[in-house]
Amino acid sequence: MDIHEYQAKEILAGYGVRIADGGLAYSPEDAVQRAREIGGDVWAVKAQIHSGARGKAGGVKICKSYEEVEAAAESMLGKRLVTHQTGPAGKVCLRLYIEAGTNIAKELYFSLLVDRAHESIIMVGSTEGGMDIEDVAENNPEKIKKIQIDPAVGLLGFQAREMAFALGLEPSQISPAVKLITGCYRAMRDLDANMIEINPLIVTGGSGKLMIMDAKMGFDDNALFRRQKVAELRDKTQEDKREMAAADRGLSYVGLDGDIGCMINGAGLAMATMDMIKLAGGEPANFLDVGGGASAERTEKAFRLVLADEGVKAMLVNIFAGINRCDWIAEGVVHAVKKIDMKIPLVVRLSGTNVEEGRKIIAESGLPIITATTLAEAAEKAVQARNEQVAKEQAAEGATT
């Protein structure tokens, strides 16, 4: 789960990290009022969407008058911002963060990430802040410092100091930097975050203070049950509607760009099924793991979720029944198809416990369900059914025009 910049800054400020004065705005009038409350003569108006590279998409504007603040807010609110991270669909901006302008002498990069390969936390820093860290890693890898942190031990003082020196700070800035780094690590540890990224971390002109200008935080979805205050920060308007609907129903769903809907039990089998669909020449529309307890009600919810995607041209159900039973799954599929009145082809492949009984239920249902015995056969039939459905729709469209 991701949160907005202003939310991440509020959290980190609670751990002793210095942030600039700022306030939230939902309208151009709000934006001007926040600027008046902050004071000064320079403000940054920032679109609050779950994406980086907002500045390149017109989502961050520096303003030097209240009129400019109002105009900037007007240009962002309700608009869809498209960045390289959002994809072509973009994300709608519904709130703004108005922040005091700051005299920036130096921009740095700092982040903490979960390193699954090494079962540790990796701390990353660079003197090249304000840029895409991917470009720095590719073109100037020597300017990136990485330090592994053993989560069983935690962040040690010498590691924080090592990173502070790697950021090229002055001796008088090392102690504040250690405090900032330690605060970020404590926030990550205490709140089950899996990512904290500060870009840029700035050194202010004149005073030489360290301050965060942008912050991103991501959290482990599986830990939200014990982090109620974090869970309340979720902004569902910034997430895929299909994925949110699935999460609310206890289903594991990831939307994709294809047109063959998938309902599968088990993440490994789901991945293998998507690979087989691509091998057969098709494109999966989603990853959907219904889990082991695929009851009739749960199966119907999964069907409705997949079919809510108007781009789906065919659907593949692939179930391996271990703890579950194929006859239960078959009954659930038949119940769902009858209740939903499907308009697209359905391919079902069952394997495992009571598979013969399950196949018999489907065969005797009288429904136009295409069956398969192997995964490869199921994928091929799904792609074939998809192609026939597309041709049928194109012929119908041509007849009406």
Side-chain angles (χ1 to χ4, degrees), residues 1-20 22 48-52 85 97 107-130 132-134 136-137 144-167 169 173-202 210-235 238-239:
M1 184 194 84
D2 295 327
I3 61 175
H4 290 294
E5 171 196 358
Y6 76 93
Q7 295 168 326
K9 285 183 173 179
E10 287 177 1
I11 289 174
L12 294 175
Y15 284 85
V17 177
R18 184 186 295 273
I19 64 173
Q48 296 301 285
I49 61 171
H50 289 175
S51 174
Q85 293 184 11
Y97 187 58
E107 294 187 349
L108 310 171
Y109 175 91
F110 176 76
S111 68
L112 290 163
L113 307 163
V114 173
D115 185 349
R116 290 177 173 82
H118 296 91
E119 299 181 357
S120 67
I121 305 298
I122 186 169
M123 181 165 55
V124 182
S126 175
T127 56
E128 301 298 308
D132 292 332
I133 196 64
E134 295 85 358
V136 178
I144 293 181
K145 177 69 175 180
K146 299 179 181 180
I147 299 175
Q148 299 285 344
I149 302 170
D150 185 344
V153 177
L155 175 67
L156 299 175
F158 81 89
Q159 292 176 314
R161 289 191 295 274
E162 183 180 357
M163 178 55 72
F165 281 110
L167 292 175
L169 298 174
Q173 297 166 338
I174 298 301
S175 181
V178 169
K179 180 182 177 182
L180 182 147
I181 292 168
T182 303
C184 289
Y185 179 79
R186 286 176 52 222
M188 185 175 193
R189 178 199 63 194
D190 294 350
L191 302 176
D192 289 308
N194 51 29
M195 182 272 290
I196 294 178
E197 182 182 54
I198 299 172
N199 187 27
L201 165 64
I202 70 161
L210 292 171
M211 185 181 296
I212 62 174
M213 282 289 98
D214 192 9
K216 296 182 181 66
M217 291 186 72
F219 298 87
D220 184 350
D221 290 358
N222 296 314
L224 291 180
F225 72 94
R226 63 184 184 187
R227 304 293 176 209
Q228 186 61 36
K229 290 185 179 180
V230 173
E232 291 171 355
L233 300 177
R234 183 165 227 154
D235 183 356
Q238 294 294 303
E239 301 185 32

Q: Report the C-alpha distance between His50 and Asp235 in whole Å, list the side-chain angles of each, state the deciding distance to 0.1 Å, and finish with yes or no for side-chain hydrogen bond (donor to acceptor under 3.5 Å, both in side chains).
A: CA-CA 9 Å; His50 289 175; Asp235 183 356; 5.1 Å; no

Nearest heavy atoms of [X] and [Y], plus distance in Å:
X      : Y      : value
Gln148 : Gln159 : O-NE2, 3.1 Å
Ala160 : Ile181 : O-CD1, 3.6 Å
Lys9   : Ala215 : CG-CB, 4.1 Å
Met213 : Ala20  : CE-CB, 4.0 Å
Ala177 : Leu169 : CB-CD1, 3.4 Å
Leu167 : Tyr109 : CD2-O, 3.6 Å

Pairwise distance [atom1]([X]) to [atom2]([Y]) - rounded to 0.5 angstrom:
X      : Y      : atom1 : atom2 : answer
Thr182 : Arg161 : OG1   : CZ    : 9.5 Å
Arg234 : Asp2   : CZ    : CG    : 9.0 Å
Leu108 : Met163 : CG    : CE    : 11.0 Å
Ile11  : Tyr6   : CD1   : OH    : 10.5 Å
Asp150 : His118 : CG    : NE2   : 12.5 Å
Leu113 : Glu197 : CG    : CD    : 7.5 Å

Q.
Using a 3.5 Å distance criterion without hydrogens, assess whether the side chain of Arg189 forms a donor-acceptor pair with backbone atoms of Pro151.
A.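 No: the side chain of Arg189 does not pair with the backbone of Pro151.
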
Q. Is the side chain of Gln85 donor-acceptor paired with the backbone N or O of Gly52 at a distance under 3.5 Å, no angle test?
A.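 Side chain of Gln85 to backbone of Gly52, a donor-acceptor pair under 3.5 Å: yes, one is there.
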
Between [Y] and [X], is there a side-chain heavy-atom distance shorter than 4.5 Å?
X      : Y      : value
Asp214 : Glu5   : yes
Val17  : Cys184 : yes
Leu155 : Ile121 : no

Q: Begin with the C-alpha distance, continue with both residues' side-chain angles, and end with the deciding distance and a verdict on side chain to side chain contact (heavy atoms under 4.5 Å, CB included) for Val114 and Asp220.
A: CA-CA 10 Å; Val114 173; Asp220 184 350; over 6 Å; no

Q | Lys179 atom NZ, over 12 foreign heavy atoms within 6.0 Å | A |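 Result for NZ/Lys179: open.
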
Q: Check Leu233, Ile3, Asp192 against Phe219 for a side chain to side chain contact (heavy atoms under 4.5 Å, CB included) and give me the one that passes.
A: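 Answer to the side chain to side chain contact (heavy atoms under 4.5 Å, CB included) test with Phe219 among Leu233, Ile3, Asp192: Ile3.
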
